[in-house]
Amino acid sequence: MGEIIRVQKGTKDILPADIAVWHKMEASALEIFTRAGYKEIRTPIFEATELFKRGVGDTTDIVNKEMYTFEKSERSLTLRPENTAGVVRSYIENGMHRLSAPVKLWYKGAMFRYERPQAGRQRQFHQVGVEMFGIEDPSADAEIILLALNYLKKLGLPNLSVELNTLGCSKCRKEFRALLIETLRPHYDKLCDDCKERFEKNPLRLLDCKVESCKAIFALPEVQKVIQADYTCPDCSLHFEQLKSYLDNVGINYTVNKLLVRGLDYYNRTVFEIKSENLGSQNAVCGGGRYDSLVEQLGGENTPAIGWAMGMERLAALLSEEKEEKLDIYVISNNKLEALKLAERLRALNYSVEFDMAGKKFTKQLEKAAKTAYFAIILGEDELNGGYLTLKNLETAAQIQFPLVNLADFETHTYKFISTNSSEWLQSKLSMLSSGFVM
RNA sequence: GCGGGUUUCGCCAAGUGGUUAAGGCCCCGGAUUGUGGUUCCGGUAUACAUGGGUUCGAAUCCCAUAUCCCGCCCCA
């Protein structure tokens with residue numbers, strides 16, 4: 001026996017016992033996004049490394065230290081660390097700018113980041129996300145935030161907090177950044193090591209620091225004055241005000257967090273996060289914002305765009321456990337060929353069916369049936385000789401017999417009861433029998 | 001990349017220098033050769049993360065490595 005091979009650090013099997021919640025997330029995504037006119041798109045797991053360098057930004061941590069990059073045939077390829085760049089690439093490459101705006105897309109799938117695993121963080125994880133292209137109006141921002149909330153509501157997570165901010169456009173952001181750096185420069189030496197690191201790279205992030213000595217500096221009046229002052233240009237301010245007005249009018253609760261900065265370079269104007277208190281330190285389930293210059297940056301026409309992504313593992317952590325689905329029918333028989341044939345007939349009628357392949361004794365087969373299915377169909381020697389089946393309701397123990405030949409009729413007329421309430425289903429069987437319905 | 005903790009069967013777990021290393025769950029079988037989910041009995045034919053060391057003797061003490069978990073950075 002060789003040594004066993006384990007899953008890689010930061011990756012996980014999603015086992016059958018835990019899959020129900022994933023089916024729920026995926027089915028809800030399809031339903032909610034389709035309802036708002038979004039179409040699913042599936043792009044490749046790996047892309048040219050250059051796409052992420054240009055798209056996500058080569059000053060970001062994601063690009064600098066977290067990408068799974070490899071060479072093949074003298075090409076540099078990278079496992080996608082996020083999916084916005086890939087979707088934008090596809091949008092451009094497939095000429096989607098010629099479609100009538102807005103172009104609305106959604107996706108789900110695995111992403112890869114080489115990071116130290118932690119609560120709510122894996123190296124392979126899953127995101128579900130949406131992107132909308134071609135609309136600059138703040139109604140697009142409002143719709144896409146509502147879409148996130150509708151999805152969370154569908155999943156039964158309606159009470160998460162929404163944080164909102166505007167980064168302004170490239171011009172107003174630059175001004176603010178320059179002023180902030182200038183104001184903080186006299187205090188540079190007193191900053192913590194992390195903050196010194198952030199000072200040039202991403203000064204907006206400084207303000208989020210948890211170190212007391214840094215907090216003290218940010219509390220200084222001259223620094224507060226810069227933070228609180230509004231440096232967004234009139235156009236950006238108007239956009240933000242309009243968005244807030246839309247949200248107010250549809251009754252969405254949110255808080256404006258001036259310190260909210262997103263770590264990806266492509267964001268401008270609106271950024272937002274949706275957080276939960278029950279997730280430990282990685283508490284954002286959803287993050288997104290506007291990225292009006294990305295399409296052009298990746299070689300397309302100047303196209304406004306906005307989107308968000310949710311971490312599915314984090315969603316799953318918030319969702320209560322879903323029960324494992326039971327089988328509709330378990331066929332009990334010692335004649336494997338007849339059992340297989342019957343199982344196939346029933347499967348063709350859309351039932352989920354299993355039968356015994358292990359050659360267990362009758363009692364054991366029934367025991368297995370009781371654990372895994374709503375109904376048992378007994379196809380033993382008596383039944384085979386007599387040309388009938390015995391149907392047993394495993395909840396009530398009631399059972400009835402019916403002729404084998406008319407199986408199709410029997411099943412079509414009763415299918416609708418099986419998924420709702422099995423007892424009702426059986427009752428209906430019995431009443432049809434007594435009213436002379438021929439099975 | 002930097003901290004702190006963890007590790008005993010498929011899962012949960014008792015055990016702190018001398019034990020055949022408890023127990024529970026799950027799974028399989030029997031009691032019950034065609035009527036279950038309760039109960040009782042039995043089984044899972046080399047479980048102490050790995051490699052060294054200390055000791056007459058190590059799951060237990062020491063060192064190293066790995067693992068997973070939790071935090072920092074950052075992100076979903």
Side-chain angles (χ1 to χ4, degrees), chain A residues 1 3-4 6-12 15 17 56 59-66 80-84 108-129 148 192-198 201-202 205-206 208-211 261-264 267 272-276 279-289 307-318 326 330 332-334 358-385 390-399:
Chain A
M1 227 164 47
E3 199 170 319
I4 66 165
R6 297 168 191 285
V7 275
Q8 290 304 290
K9 192 187 187 87
T11 69
K12 275 201 171 75
L15 298 169
V56 179
T59 61
T60 60
D61 278 6
I62 290 182
V63 169
N64 280 319
K65 50 181 201 186
E66 295 175 4
R80 61 184 185 195
E82 58 98 59
N83 208 30
T84 296
K108 61 174 160 46
M111 309 295 157
F112 304 84
R113 292 181 199 175
Y114 185 80
E115 294 183 273
R116 195 73 172 264
Q118 195 185 320
R121 168 181 296 164
Q122 293 169 209
R123 289 180 175 179
Q124 176 177 167
F125 62 103
H126 297 79
Q127 285 187 333
V128 55
C192 69
D193 290 346
D194 281 335
C195 282
K196 282 175 181 158
E197 188 76 22
R198 284 180 279 226
K201 211 168 83 182
N202 200 342
R205 262 201 190 285
L206 285 171
D208 223 1
C209 186
K210 284 135 201 137
V211 177
V261 187
R262 315 236 70 247
L264 287 70
Y267 287 115
F272 57 92
E273 277 182 11
I274 300 175
K275 294 180 179 175
S276 163
L279 279 176
S281 76
Q282 311 305 322
N283 61 357
V285 277
C286 175
W308 52 252
M310 293 196 194
M312 296 179 81
E313 278 79 4
R314 291 183 190 177
L315 283 179
L318 293 174
K326 275 193 171 184
Y330 193 92
I332 295 175
S333 178
N334 287 320
K360 289 186 210 210
K361 291 182 177 160
F362 182 87
T363 342
K364 291 296 174 187
Q365 287 192 40
L366 188 56
E367 195 179 317
K368 169 110 176 173
K371 279 178 194 161
T372 59
Y374 292 112
F375 288 86
I377 288 182
I378 299 168
L379 184 60
E381 279 173 37
D382 294 352
E383 283 84 355
L384 285 168
N385 292 334
T390 299
L391 172 72
K392 183 181 180 72
N393 182 326
L394 291 163
E395 284 173 8
T396 63
Q399 56 186 52

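Please read these numbers as outputs of a predicted model, since none were measured by experiment. Numbers restart at 1 for each chain; the letters A, B, ... are given by sequence-line order, proteins then strands.
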For A:N334, side chain to side chain donor-acceptor pair (under 3.5 Å) partners two or more places apart: A:Q365
Find the distance A:E66:CD to B:rA76:C1' and express it as a whole number of Å. 12 Å
Separation of the P atoms in B:rA45 and B:rC11, to the nearest angstrom: 15 Å
Mind checking the P distance from B:rC61 to B:rG15? Whole angstroms is fine. 13 Å
Please give the distance between the P atoms of B:rG30 and B:rC70 as a whole number of Å. 44 Å
When you measure from the side-chain N and O atoms of A:K371 to the phosphate of B:rG36, is any distance below 4.0 Å, counting only OP1 and OP2? no
Quick one: side-chain contact (heavy atoms from CB on, under 4.5 Å) partners of A:T372, sequence neighbours excluded? A:L327, A:Y330, A:K368
A:I378 near the nucleic acid: base, sugar-phosphate alone, or nothing, with a heavy-atom cut-off under 4.0 Å? base
Test of understanding: with side-chain contact (heavy atoms from CB on, under 4.5 Å), list the residues that count as partners of A:Q118, not counting sequence neighbours. A:R121, A:S281, A:Q282
Report, one pair per line, the protein and nucleotides 2-12 of chain B atoms (nitrogen or oxygen only) whose separation is under 3.5 Å.
from  : atom 1 : to     : atom 2 : distance (Å)
B:rC2 : N4     : A:R116 : NH1    : 2.7

Using atom CZ of A:R6 as one end and atom C1' of B:rC69 as the other, report the distance to the nearest whole Å. 16 Å
Under a 3.5 Å threshold, yes or no: a donor from one side chain and an acceptor from the other, between A:T390 and A:E383? yes
Which atoms of nucleotides 29-32 of chain B (N or O only) lie under 3.5 Å from a protein N or O atom, and what are those distances?
from   : atom 1 : to     : atom 2 : distance (Å)
B:rG30 : OP1    : A:K361 : NZ     : 2.3

Identify which nucleotide among B:rG71, B:rC74, B:rA76 has an atom closest to any side-chain atom of A:A119, counting heavy atoms from C-beta outward. B:rG71
Counting any heavy atom closer than 4.0 Å, what does A:G280 reach on the DNA or RNA strands: base, sugar-phosphate only, or nothing? sugar-phosphate
Let me know the distance between CZ of A:R121 and P of B:rC74, rounded to the nearest Å. 10 Å
I want to confirm an ordering. Mapping A:Q8 and A:Q122 to their closest nucleotides on RNA chain B, which one lands closer to the 5' end? A:Q8
Can you tell me how far P of B:rG36 sits from CG of A:L366, to the nearest Å? 7 Å
Would you please confirm or rule out a distance under 4.0 Å between OP1 or OP2 of B:rA76 and any side-chain N or O of A:Q127? no
Looking at every heavy atom in both A:A317 and A:L279, which two are closest together, and how far apart are they? CB-CD2, 4.0 Å
Given the C1' atoms of B:rG23 and B:rU8, what is the spacing between them in whole Å? 13 Å
Looking at every strand, decide which applies to A:I332 at a 4.0 Å heavy-atom threshold: base, sugar-phosphate, or nothing. nothing
Listed partners of A:E66 passing side chain to side chain donor-acceptor pair (under 3.5 Å), at least two apart: none
Once side-chain contact (heavy atoms from CB on, under 4.5 Å) is applied, do any residues pair with A:T363, and if so which ones, sequence neighbours excluded? none
Under the 3.5 Å rule, do the base of B:rU35 and the side chain of A:K392 count as making a donor-acceptor pair? yes
Please give the distance between the P atoms of B:rA59 and B:rU20 as a whole number of Å. 13 Å
Residues passing the side chain to side chain donor-acceptor pair (under 3.5 Å) test with A:S276, sequence neighbours excluded, are none
Between B:rG51 and B:rU60, how many Å separate the two P atoms, rounded to a whole number? 13 Å
According to salt bridge (charged side-chain N to carboxylate O under 4.0 Å, His left out), who are the partners of A:K65, at least two apart in sequence or on a separate chain? A:D61
Base, sugar-phosphate or nothing for A:Q365? Non-hydrogen atoms, less than 4.0 Å. nothing
What's the OH-P distance between A:Y330 and B:rG34, to the nearest Å? 15 Å
Any sub-3.5 Å donor-acceptor pair from A:R123's side-chain atoms to A:E115's backbone N or O? yes
A:K9 has its side chain closest, among B:rU67, B:rA76, B:rC74, to B:rU67
Rounded to whole angstrom, note down the C1' distance from B:rA58 over to B:rC73. 41 Å
Would you mind classifying the nucleic acid contact of A:A376 as base, sugar-phosphate or nothing, using non-hydrogen atoms under 4.0 angstrom? nothing
State whether A:S281 places a side-chain N or O below 4.0 Å from either non-bridging phosphate oxygen (OP1 or OP2) of B:rC72. yes
Counting only side-chain nitrogens and oxygens, does A:Q118 get under 4.0 Å of the OP1 or OP2 atom of B:rC72? yes
Can you check whether A:V285's main-chain N or O pairs, donor with acceptor, with A:R314's side chain at less than 3.5 Å? no
Select one nucleotide: of B:rU35, B:rC73, B:rA76, the one nearest the side-chain heavy atoms of A:K65. B:rC73
Any N or O donor-acceptor pair under 3.5 Å from the base of B:rG34 to the side chain of A:E383? yes
I want to verify a distance call: between B:rG36, B:rG34, B:rA76, whose nearest atom is closest to the A:E367 side chain? B:rG36
Test A:K12 against A:V7 for side-chain contact (heavy atoms from CB on, under 4.5 Å), laying out the working first. CA-CA 7 Å; A:K12 275 201 171 75; A:V7 275; over 6 Å; no
Please classify the nucleic acid contact of A:E313 as base, sugar-phosphate, or nothing, using heavy-atom distances under 4.0 Å. nothing
Would you compute the distance between atom NZ of A:K326 and atom CZ of A:F375 and round it to the nearest 0.5 angstrom? 11.0 Å
A:K371: side-chain contact (heavy atoms from CB on, under 4.5 Å) partners, not counting sequence neighbours: A:E367
For atom C1', what is the distance between B:rC72 and B:rC12, given to the nearest Å? 32 Å
Tell me: CG of A:N334 to P of B:rU35, nearest whole Å? 13 Å
Give one of base, sugar-phosphate or nothing for A:A369, where a contact means two heavy atoms less than 4.0 Å apart. nothing
A:R123 CZ - B:rC74 C1' separation (whole Å): 14 Å
Where RNA chain B forms stems, i.e. three or more consecutive Watson-Crick or G-U pairs with both distances under 3.5 Å: B:1-5 with B:68-72, B:10-12 with B:23-25, B:27-31 with B:39-43, B:49-53 with B:61-65
Regarding A:K12, tell me which of base, sugar-phosphate or nothing describes its non-hydrogen contacts under 4.0 Å with the strands shown. sugar-phosphate
If the condition is side chain to side chain donor-acceptor pair (under 3.5 Å), which residues does A:Q122 pass it with, not counting sequence neighbours? none
So what does A:G380 touch, heavy atoms closer than 4.0 Å: a base, only the sugar-phosphate, or nothing? base
Separation of B:rA76 C1' from A:E82 CD (nearest whole Å): 11 Å
